[in-house]
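Keep in mind that what you see is a predicted model, and the values were worked out from it rather than measured.
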Amino acid sequence: MRGKAGLVIGLAVGYVLGTRAGRERYEQIKAGAEKVWNLDPVQKQVHKLEDLGKSALLALPRAVWNGAVGITKAATTKGTPGERLDAALDATKDAADDVAEAAQTSAAAAEETAQKAAAAAKKATTEHTGEK
């Protein structure tokens, strides 16, 4: 996905910079891109991505905090120093797993939302321009 997006961006920049029409064509392309960007379906998806980003940002610190609390509790339990160390290590492994899971869940949700946003933007562009 990144490679394709980079290729498209590179081609667009090369076209704009290499075109004989120069500034006038650039302004036309820019105006067209702004029209698409400001379409309601595109903005709806942009807002969904913003909301997802905010919720994803909240999920990771929560997992880290819960892990830190678990490690602290395990390290301060009753028992020999070795038993406390073992409990803290186990809690650390669990916390690391929880943080990794939260990161994967956030990344998967972000990818899914981005794909939906791209599809909606493509559909809105096609409908707006009348292309098939």
Side-chain angles (χ1 to χ4, degrees):
M1 180 80 178
R2 280 189 199 161
K4 289 180 185 179
L7 178 64
V8 170
I9 291 170
L11 289 173
V13 169
Y15 175 77
V16 170
L17 294 177
T19 185
R20 291 180 182 229
R23 185 72 178 178
E24 181 180 324
R25 183 66 180 142
Y26 166 77
E27 292 297 333
Q28 288 175 344
I29 293 169
K30 182 179 168 187
E34 286 178 0
K35 282 182 185 178
V36 170
W37 178 257
N38 291 322
L39 291 173
D40 287 338
V42 174
Q43 286 301 308
K44 182 179 176 184
Q45 294 300 320
V46 167
H47 292 301
K48 283 184 182 179
L49 279 172
E50 288 173 348
D51 293 341
L52 175 70
K54 290 173 187 174
S55 66
L57 287 174
L58 294 176
L60 286 174
R62 188 177 311 123
V64 171
W65 176 258
N66 291 341
V69 169
I71 293 167
T72 303
K73 285 181 180 178
T76 57
T77 59
K78 293 184 179 180
T80 66
E83 291 171 340
R84 291 192 310 234
L85 177 60
D86 289 340
L89 290 174
D90 289 341
T92 301
K93 289 177 187 174
D94 292 342
D97 291 342
D98 291 345
V99 170
E101 184 179 335
Q104 288 175 345
T105 301
S106 296
E111 183 176 355
E112 180 182 342
T113 304
Q115 288 173 351
K116 287 179 182 179
K122 183 175 181 180
K123 181 180 177 188
T125 302
T126 304
E127 289 173 357
H128 181 71
T129 60
E131 296 176 4
K132 292 187 178 184

(request) Decide if atom CG of Asp40 counts as having more than 12 heavy atoms of other residues, nucleotides or ligands within a radius under 6.0 Å. (result)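 No, the 6.0 Å shell around CG holds no more than 12 heavy atoms from other groups.
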(request) Return yes when atom CD of Glu101 has more than 12 non-hydrogen atoms of other residues, nucleotides or ligands closer than 6.0 Å, and no otherwise. (result)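 Count not over threshold, so no.
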(message) Testing the basics here: between Thr72 and Thr76, what is the closest heavy-atom pair and its distance to 0.1 Å?
(response)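 Nearest heavy atoms, Thr72 then Thr76: O-OG1, 2.9 Å.
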(request) State which residues pass side chain to side chain donor-acceptor pair (under 3.5 Å) with Gln43; sequence neighbours excluded, sorted by chain then number. (result)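 Per chain and number, Gln43 pairs via side chain to side chain donor-acceptor pair (under 3.5 Å) with no residue.
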Name every donor-acceptor pair, under 3.5 Å, that has one atom in a side chain of residues 84-97 and the other anywhere in the protein, sequence neighbours excluded.
| from | atom 1 | to | atom 2 | distance (Å) |
| --- | --- | --- | --- | --- |
| Thr92 | OG1 | Ala88 | O | 2.7 |

